[in-house]
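Order of listing sets the numbers, starting from 1, for every ligand and every atom in it. As the structure is a prediction and not an experimental result, all values here were calculated from the model.
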Amino acid sequence: MPQPQGFNTRAIHVGQAPDPVTGATIPPLYLSTTYTQPALGQHLGYEYGRNDNPTRQALEEALASLEEGIGAVTYASGMAASDAVLRTLQPGDRVVASDDLYGGVYRLLERVYRPQGIATTYVDALNADALKTALKETAPRLVWIESPSNPLLKVIDIAHVGSLCRQYGATLVVDNTFASPFNQTPLTLGADIVVHSTTKYIGGHSDVMGGAVVVKDRALYETLRFIRNAAGATLGPFEAWLTLRGLKTLGLRMRQHAENAAQVAEFLAHHPLVETVYYPAFQGELTQRQMKTPGGMVSFRLKVDAQRSAYEVVKLVLDRFRLFSLAESLGGVESLVGHPATMTHAALSPQERAQRGILDTVIRLSVGIEDVNDLLTDLAQALNGALPT
Ligand SMILES: *Cc1c(COP(=O)(O)O)cnc(C)c1O
């Protein structure tokens, strides 16, 4: 069958042909950890579950297609996927990372890899000069960015960073979790490696953890498969099956997330308790050029007056939400609200947060696919109830 072109068609069909034995239309959930060999020295492509599993393989083929890579390797979580990429480094290698990195990746770089002799330099990836200086001065093996970033949703010019990396011989890693492959495919923009927490938009229902690395180089793909088998951070078959089930509706969901988020961002921009809205579409031409839609994440900063502390106002607002759940994570069909300073970014010191602009008054929304009027009603009552009297 020729490779189908459309995103949704690929999400639904690539790697997912009907089962040749039974005709099952949906890829079966293969739980077997071992595979019977017809004769000594022969096998049918599968030997042991840590390395290969047909259900996991179906997911990996679909993900590789959606990210326009030559192969995907899946893991037990997004952090295991990030760790697998860092395991390709040697002591003495350097990393350059954007300064508003996902907190867990920052912790991994600082607490696990730095003590092993792999040091990271952090730069504001929006500042091309700072990035160039860091590349020149530290000659990193890897450059690690996220776009849009967390929680301020800064859009980084992936093609530009990619060309700088090529110039200085660095490998570019893009964490594509916030955008999802529906909105952008970094491998086609000059990235070498895409990392995902499939726990978020790809799984899409807040009920399955997982991670993936997608690459366009065959040798790197083989290295990652070797590391996964050697280190063992494999994605379980049931998790693979659930993630694949979620993946089929990724395009449909992302459209609705984007539609709802656009209305939420517009509403927030006009609310008297809101100081600033952080939303990719409000950052100009690059978002339009790089992303199919601005995505489903919206962050904002509350206005505070001298009468009340930032914490007081934030707590008042957060405790009033009814439909948005106060919870970590993102990318599910249900809307979530979070407080980066005390939740996702609590591992950073107050100074580190201040440097990165993650003030105590910043609130992050993962806008779900509920009826948007219900979301706007909930937001309005939460914010209106906290207006100064
Ligand atoms: C959640 C997340 C991760 C980590 O993924 P887990 O599946 O939670 O291990 C990495 N990067 C980003 C951008 C994330 O949002």
Query raised in the report: Under the salt bridge (charged side-chain N to carboxylate O under 4.0 Å, His left out) rule, what pairs show up with a residue in residues 256-279, not counting sequence neighbours?
Result: none
**Report entry** For Gly210, atoms of ligand 1 separated by under 4.0 Å from a heavy atom
**Finding:** 7 (O)
Query - Asp378 side chain vs Arg322 backbone, donor-acceptor pair below 3.5 Å - result: yes
Requested in this report: Using atom types as modelled and distance alone, determine if a side-chain donor or acceptor of Thr293 lies under 3.5 Å from a backbone N or O of Gly295.
Outcome: yes
Query raised in the report: Could a heavy atom of Asp175 be found less than 4.0 Å from some atom of ligand 1?
Result: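 Per 4.0 Å heavy-atom rule, Asp175 contacts ligand 1.
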Report task. Give the single entry among Tyr201, Phe178, Tyr102, Tyr75 that approaches atom 10 (C) of ligand 1 most closely by any heavy atom. Result -> Tyr102
Query raised in the report: Can you tell which of Val105, Thr199, Leu108 gets a heavy atom nearest to atom 7 (O) of ligand 1?
Result: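 Among Val105, Thr199, Leu108, the closest heavy atom to atom 7 (O) of ligand 1 comes from Thr199.
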Requested in this report: Assess the pair His257 and Tyr201: is the distance between their ring centroids shorter than 6.0 Å?
Outcome: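 Under 6.0 Å, so yes.
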Taking [atom] as the reference point, the nearest protein heavy atom with its distance:
atom	value
atom 9 (O) of ligand 1	Met79 N, 2.9 Å
atom 14 (C) of ligand 1	Lys200 NZ, 3.0 Å
atom 6 (P) of ligand 1	Gly78 N, 3.3 Å

Query raised in the report: Is the CZ atom of Arg111 crowded by more than 12 outside heavy atoms at less than 6.0 Å?
Result: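 No, because the 6.0 Å sphere around CZ of Arg111 holds 12 heavy atoms or fewer from other groups.
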Requested in this report: Evaluate whether atom CZ of Arg114 has more than 12 neighbouring non-hydrogen atoms of other residues, nucleotides or ligands under 6.0 angstrom away.
Outcome: yes
Query raised in the report: Looking only at N/O atoms, are Met209 and ligand 1 under 3.5 Å apart anywhere?
Result: no
Report task. Output yes when the distance from some N or O of ligand 1 to some N or O of Ser197 is under 3.5 Å, and no in every other case. Result -> yes
**Report entry** Residues that Tyr35 engages under ring pair (Phe, Tyr, Trp, His ring centres under 6.0 Å), provided they are two or more places apart
**Finding:** Tyr46
